[in-house]
Amino acid sequence: GIMRLFQALQRGEIFGEACQLIPDECTYATMMARLNDFDEPEDALALWTELLSSPSKKPVTPHVYGAALHSMALTHQWELALTTVRSMPAKVPPTRHCFGAALHACAQAGRPKEALELLNEMASRWGVTPNAHCTNPAIESIRCFLQASSPSELEDLLGRPGWEIALELVAALCEAG
C-alpha cells in the first residue's frame with residue numbers, strides 16, 4: 001500500500017538514488033494524513049514513532065501533531081492523544097485541530113470527564129477558544145458514555161447532569177460567535 005511506496009521512495013528504489021525521498025515534517029504530516037484517509041492509521045502512527053525516534057527529525061509544526069493525533073483518535077488511543085497534546089512544546093502550541101483530534105479520541109472512548117478537562121485547559125492553559133470542531137466531540141463523549149452507562153453514573157462522574165453540561169457548551173459556542 002501507501003506505506004510500502006513511501007518506504008521505497010525513501011530507499012531510492014522507485015526512481016533511483018538520485019531521486020531518493022528525504023522526508024521533512026511536511027512530508028510526514030502529508031503521509032500521515034493520507035494514511036488516515038485510506039483507513040491505515042496504524043501505519044500513520046508508525047511514521048509518527050519513526051519521526052519521534054529520529055535524532056535529526058522532530059515534529060516542528062502543529063500539522064504533524066494534528067495528523068498524529070487524528071491517527072490516535074482513529075485507533076482509539078485516547079490516553080496517548082491526551083498525553084501528546086498536553087506535552088506539545090511551547091514553540092509548537094496546539095491548534096484547535098490538535099485539540100479537536102484529541103477530543104475526538106476521548107469521544108470515541110466515551111471519556112467525558114477527560115474531554116471536558118481538556119476543553120477547559122484549551123482556554124486556561126493555551127489561550128485557545130474552543131470552536132465547534134472542539135466542542136462537538138466533548139458533547140459526543142457524553143453521548144458515548146451514556147450508551148454504556150446510566151445518566152446517574154454520568155452525573156456521579158461529572159457532578160451534574162450531562163444534558164446541562166451539553167447545553168452550556170452549546171451556549172458558549174453561540175456566545176463566541
Side-chain angles (χ1 to χ4, degrees), residues 28-29 31-49 51-52 59 61-90 92-177:
Y28 277 98
M31 279 302 301
M32 287 189 287
R34 294 302 68 82
L35 287 163
N36 289 334
D37 290 345
F38 286 97
D39 201 26
E40 297 178 28
E42 293 85 4
D43 286 341
L45 285 176
L47 284 179
W48 172 249
T49 302
L51 182 61
L52 290 178
T61 68
H63 301 295
V64 179
Y65 279 94
L69 288 160
H70 185 63
S71 302
M72 293 168 202
L74 293 172
T75 55
H76 308 283
Q77 297 186 48
W78 65 272
E79 291 170 301
L80 180 59
L82 288 176
T83 300
T84 300
V85 77
R86 287 178 171 145
S87 64
M88 288 178 67
V92 187
T95 61
R96 284 186 183 98
H97 178 74
C98 294
F99 285 116
L103 288 160
H104 182 66
C106 290
Q108 289 190 327
R111 307 297 300 197
K113 185 173 190 279
E114 292 81 358
L116 294 170
E117 287 171 355
L118 183 61
L119 201 63
N120 287 329
E121 285 176 41
M122 285 179 64
S124 65
R125 181 174 171 192
W126 288 285
V128 177
T129 304
N131 62 3
H133 181 70
C134 302
T135 303
N136 288 345
I139 294 170
E140 180 67 8
S141 70
I142 294 170
R143 188 191 68 76
C144 289
F145 182 90
L146 287 171
Q147 286 183 323
S149 304
S150 71
S152 63
E153 288 174 292
L154 180 66
E155 190 169 343
D156 289 345
L157 178 69
L158 301 177
R160 53 197 192 138
W163 64 266
E164 191 177 285
I165 295 168
L167 284 177
E168 280 182 14
L169 292 173
V170 171
L173 272 179
C174 293
E175 288 175 14

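Closest approach of Pro93 to Pro62, counting heavy atoms only: O-CG, 3.9 Å. Leu47 and Met32 get closest at one heavy-atom pair: CB-CG, 4.0 Å. Here the shortest heavy-atom pairing between Pro137 and Ala107 reads O-CB, 3.2 Å. Nearest heavy-atom pair across Pro130 and Leu119 is CB-CD1, 3.8 Å. Taking both residues in full, the closest heavy atoms of Ser141 and Pro112 are given as OG-CA, 3.2 Å, listed atom of the first, atom of the second, then distance. Here the shortest heavy-atom pairing between Leu173 and Ala132 reads CD2-N, 3.5 Å.
More than 12 heavy atoms of other shown residues, nucleotides or ligands fall within 6.0 angstrom of atom CG in Asp156.
Side-chain atoms of Arg111 never come within 3.5 Å of backbone atoms of Leu103 as a donor-acceptor pair (strictly under, hydrogens ignored). Judged by distance alone, the side chain of Asn36 and the main-chain N or O of Ala67 form a donor-acceptor pair under 3.5 Å. Judged purely by atom type and a 3.5 angstrom limit, Asn131 uses its side chain to pair as donor or acceptor with the backbone of Cys134.
To the nearest 0.5 Å, atom OG1 of residue Thr61 and atom OH of residue Tyr28 are 13.0 Å apart. To the nearest 0.5 Å, atom CD of residue Gln77 and atom OG1 of residue Thr84 are 9.0 Å apart. In this structure, the separation between NE2 on His97 and NE2 on His63 is 9.0 Å, given to the nearest 0.5 Å. The CG atom of Leu69 sits 10.0 Å away from atom CZ of Phe99, with the distance rounded to the nearest 0.5 Å. Distance CG/Leu167 to CD/Glu164: 8.0 Å, rounded to 0.5 Å. Taken to the nearest 0.5 Å, the CG atom of Leu116 stands 6.0 Å off from the CG atom of Leu158.
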Tell me, with the steps shown, if Leu80 and Thr75 meet side-chain contact (heavy atoms from CB on, under 4.5 Å).
CA-CA 10 Å; Leu80 180 59; Thr75 55; over 6 Å; no

Chi angles and distances behind the side-chain contact (heavy atoms from CB on, under 4.5 Å) call for Cys106, Leu82
CA-CA 8 Å; Cys106 290; Leu82 288 176; 3.8 Å; yes

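The shortest distance between side-chain heavy atoms of Phe38 and Asp43 does not fall below 4.5 Å. Counting only heavy atoms from C-beta outward, the side chains of Glu42 and Leu74 never approach each other to under 4.5 Å. Between Leu154 and Ser149 the shortest side-chain heavy-atom distance does not fall below 4.5 Å. Taking 4.5 Å as the limit, every side-chain heavy atom of Tyr65 sits out of range of all side-chain heavy atoms of Val85.
Pairs engaging residues 143-155 under the salt bridge (Lys or Arg N to Asp or Glu O under 4.0 Å) rule: Glu140-Arg143 [sequence neighbours left out].
Under the ring pair (Phe, Tyr, Trp, His ring centres under 6.0 Å) criterion, Trp78 pairs with no residue, sequence neighbours left out. Residues satisfying the side chain to side chain donor-acceptor pair (under 3.5 Å) criterion with Glu40, sequence neighbours excluded, are absent altogether.
Here the options are Met122, Arg86, Met88, the test is side-chain contact (heavy atoms from CB on, under 4.5 Å), and the partner is Pro94; only Met88 passes.
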